[in-house]
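In what follows, a single structure is set out as structure tokens and then discussed.
Heads up: numbering here begins at 1 and tracks the sequence. This is a predicted model, so every value here is computed, not measured.
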Amino acid sequence: MSLLVTNRKKVQNAWAMYDWANSVYSLVITSTIFPVYYNSVTKGIDGSEIVSFFGFEIINTVLYSYSISFSFLIIALISPLLSGIADSSGKKLEFMKFFAYLGSVACIGLYFFDGDNLEWGILCSVTASVGYAGSIVFYNAFLPEISKESEYDLLSAKGFALGYIGSVILLVLNLAMIQMPGVFGIPEGGMAARLSFLITGIWWAGFSQIPFRVLPSNPYNKKLKRELFFHGYQEIRKVLGQIRTMPVMNKFLASFFFYSMGVQTVMYLAATFGDKELGLPGAQLIMTILIIQFVAIIGSYLFAFISKRYGNKISLVIMVLIWTLICGAAYYVYNVYEFFALAFVVGLVMGGIQSLSRSTFSKLIPESTTDHASFFSFYDVTEKIAIVLGTFSYGIIEQLTGSMRNSALSLGIFFIVGLGFLLLVSIPKKELSVKAG
């Protein structure tokens, strides 16, 4: 049951602007500048990659992989409860604000990370990740409330496209600061990198004010009850009971789980792969991510149109097949041009698979429900657990084999399993709500 809000286009545009606000974290902190900066400041003068973290010695890149896993494990554990509370109390927007501010403040905190305080850097990195992932749970849950089913695919794609555009603008500014610090009155590139973390946090909090002021606060006029946590668990149990009776959603979530293990791991660790396996300079790594962002904008709309003509399933199957080939190709990439070419293909399917997965799941939610945050919590928890297992397996395979190439190749297995479940999913356009009931 989508909420027919007054001035729906204004609300939809404001909703999409949260992608513009938060995607700078995803690009600057998780994908480009922070991984490169982290690798640089945690590498010893003698080239050693072993770091001490609370007294434990570990490879710096393995620690980074594990920290990502840990942050998403936290949100996977708490988001079902939080979303249940948000649905039972009508406080979805308030929870979204809390996590957005938590993440943005943590990004600002990274300004003080210089390599000598490794624990502080990892703590801020994990906290920013929790803030980002937590806010997305509630952000996604607004989609079926502010739009009609026929608008889901393109609105979801619009959000991702705005996110890519906004994050690229800030990344270009940050890259200019790092490459030409003197022009900006900055003493050296390391300080410029730290300033980019500060600016990212301010950007995230600042542009979030647009959706925060426009999105409906409590569209179904739910009352805040004293038994808030009890009702949160009740909402979770109720939605879980519904999902168990929905074979289409079950199969889709299984497929989404496995291919997300691959997609999200590539997104979070691509820069680390290029740095360690190919020895690419930071500027070339960031340029690679820029290629991915620009192409991802095109990919978001391309696969939205493909799904409109041939259906969501066909569009998703095509993308998962391409992702499988990417994992195999990554094993044989040895120079910058091959890396750029692979980045182009990654960008093409990265935006498409994210936006179409979100809109497809929106179509599978029963039209009669108002518990959108609880339904989306299962979607988001599925994705977060996939990130936990994907990044952890990537790190453990590198630790055991000594090569990220083996880690990248193993991701192809996840895509193949995801494809198998996807082929079992039936997503007829007008039958979704019937099957969901």
Practice problem: Would you please test Tyr64 and Tyr38 for ring-ring contact (aromatic ring centres under 6.0 Å, His included) and show each step? | Solution: CA-CA 9 Å; Tyr64 184 61; Tyr38 170 86; 5.3 Å; yes
Quiz prompt | Gln209 side chain vs Gly206 backbone, donor-acceptor pair below 3.5 Å | solution = no
Quiz item: Quick check: are there more than 12 heavy atoms from other residues, nucleotides or ligands sitting under 6.0 Å from OH of Tyr331?
Solution: no
Practice problem: Starting at OG1 of Thr360, measure out to CG of Leu356 and round the result to the nearest 0.5 Å. | Solution: 4.0 Å
Practice problem: Would you confirm whether Glu383, through its side chain, and Ser260, through its main-chain N or O, come within 3.5 Å as a donor-acceptor pair? | Solution: no
Quiz item: Do Phe258 and Phe414 have ring centres separated by under 6.0 Å?
Solution: no
Self-check item: Closest non-hydrogen atom pair, Leu110 against Gly121
Solution: CD2-O, 3.5 Å
Quiz prompt | is_close_aromatic(Tyr334, Phe339), centroid dist under 6.0 Å | solution = no
Quiz prompt | Pair Ser67-Ser125, side-chain donor/acceptor within less than 3.5 Å | solution = no
Practice problem: Compare all side-chain heavy atoms of Leu215 with those of Met96 and state whether any distance is below 4.5 angstrom. | Solution: yes
Exercise. Look only at the side chain of Thr200 and the backbone of Val24, and say whether a donor-acceptor pair between them is shorter than 3.5 Å.
Key: no
Quiz item: Heavy atoms, side chains only, cut-off 4.5 Å: are Met17 and Leu162 in contact?
Solution: yes
Quiz prompt | From CG (Leu389) to NZ (Lys384), nearest 0.5 Å | solution = 13.5 Å
Quiz item: Do the non-hydrogen side-chain atoms of Asn312 and Ser359 ever get within less than 4.5 Å of each other?
Solution: yes
Self-check item: Gln12 (side chain) donor-acceptor with Leu155 (main chain) under 3.5 angstrom
Solution: no
Quiz item: So do Tyr301 and Leu154 actually touch side chain to side chain, heavy atoms under 4.5 Å?
Solution: yes
Exercise. Nearest 0.5 Å please: distance from the CD1 atom of Ile314 over to the CG atom of Leu422.
Key: 9.0 Å
Practice problem: Measure the CG-CG distance between Leu411 and Asn406 for me, rounded to the nearest 0.5 Å. | Solution: 11.0 Å
Quiz prompt | Donor-acceptor pair between Asp19 and Tyr139 side chains, under 3.5 angstrom | solution = yes
Quiz item: Closest approach of Ser357 and Leu316, non-hydrogen atoms and distance?
Solution: OG-CD2, 4.0 Å
Quiz item: Just by distance, do the side chain of Trp203 and the backbone of Asn22 share a donor-acceptor pair under 3.5 Å?
Solution: no
Quiz prompt | Gln354 side chain near Arg358 side chain, heavy-atom distance below 4.5 Å | solution = no
Quiz item: Got a donor-acceptor contact below 3.5 angstrom from the Lys313 side chain to the Leu423 backbone?
Solution: yes
Quiz item: Under the side-chain hydrogen bond (donor to acceptor under 3.5 Å, both in side chains) criterion, do Ser156 and Ser355 qualify, and how do the steps go?
Solution: CA-CA 5 Å; Ser156 182; Ser355 64; 4.9 Å; no
Self-check item: Worked verdict on Phe415 versus Trp323 for ring-ring contact (aromatic ring centres under 6.0 Å, His included)
Solution: CA-CA 7 Å; Phe415 286 110; Trp323 273 106; 5.4 Å; yes
Quiz item: How many angstroms lie between CD in Gln242 and CZ in Arg244, if you round to the nearest 0.5 Å?
Solution: 12.0 Å
Quiz item: Is there a side-chain contact between Phe72 and Ser129 (heavy atoms, below 4.5 Å)?
Solution: yes
Quiz prompt | Side-chain donor-acceptor pair present, Gln399, Tyr66, cut-off under 3.5 Å | solution = yes
Self-check item: Check: Ser167/Ser23 side-chain N/O donor and acceptor closer than 3.5 Å
Solution: no
Exercise. May I ask you to test the Ile326-Val349 pair for a side-chain heavy-atom distance under 4.5 Å?
Key: yes
Quiz item: Quick check, are the ring centers of Tyr25 and Trp204 under 6.0 angstrom apart?
Solution: yes
Quiz item: Can we call the ring centroids of Trp15 and Phe142 under 6.0 Å apart?
Solution: no
Practice problem: List the steps and the verdict of side-chain contact (heavy atoms from CB on, under 4.5 Å) for Ile29 and Cys107. | Solution: CA-CA 8 Å; Ile29 305 297; Cys107 288; 4.0 Å; yes
Quiz item: Quick one: does Ser315's side chain have a donor or acceptor within less than 3.5 Å of a partner on Gly311's backbone?
Solution: no
Exercise. Using atom types as modelled and distance alone, determine if a side-chain donor or acceptor of Ser69 lies under 3.5 Å from a backbone N or O of Val388.
Key: yes
Self-check item: side-chain hydrogen bond (donor to acceptor under 3.5 Å, both in side chains) between Thr265 and Thr391, worked out
Solution: CA-CA 5 Å; Thr265 303; Thr391 54; 5.5 Å; no
Exercise. For the residue pair Phe197 and Phe34, categorise the inter-ring angle as parallel (less than 30°), tilted (30 to 60°) or perpendicular (more than 60°).
Key: perpendicular
Exercise. List the steps, then state whether ring-ring contact (aromatic ring centres under 6.0 Å, His included) holds for Phe256 with Tyr379.
Key: CA-CA 9 Å; Phe256 176 68; Tyr379 173 85; 4.4 Å; yes
Self-check item: Thr324 side chain vs Val320 backbone, donor-acceptor pair below 3.5 Å
Solution: yes
Practice problem: For Ala106 and Cys124, work out which heavy atoms get closest and say how close. | Solution: CB-O, 3.5 Å
Quiz item: Would a 4.5 Å heavy-atom cut-off, applied to side chains only, mark Val425 and Phe421 as touching?
Solution: no
Quiz item: Hey, mind stepping through Trp20 and Tyr164 against side-chain hydrogen bond (donor to acceptor under 3.5 Å, both in side chains) and telling me if it holds?
Solution: CA-CA 7 Å; Trp20 172 285; Tyr164 293 133; over 6 Å; no
Practice problem: May I ask you to check whether Tyr101 and Phe212 place their ring centers less than 6.0 Å from one another? | Solution: yes
Quiz item: Does NZ or CZ of Arg405 fall inside the cone over Tyr332's six-membered ring, less than 6.0 Å from its centre and within 45° of the axis?
Solution: no
Self-check item: Under 3.5 Å donor-acceptor, Glu398 side chain and Tyr394 backbone
Solution: no
Quiz prompt | Phe53, CZ: over 12 other non-hydrogen atoms inside 6.0 angstrom | solution = yes
Self-check item: Residues forming a side chain to side chain contact (heavy atoms under 4.5 Å, CB included) with Leu173, sequence neighbours excluded
Solution: Leu170, Met177, Phe184
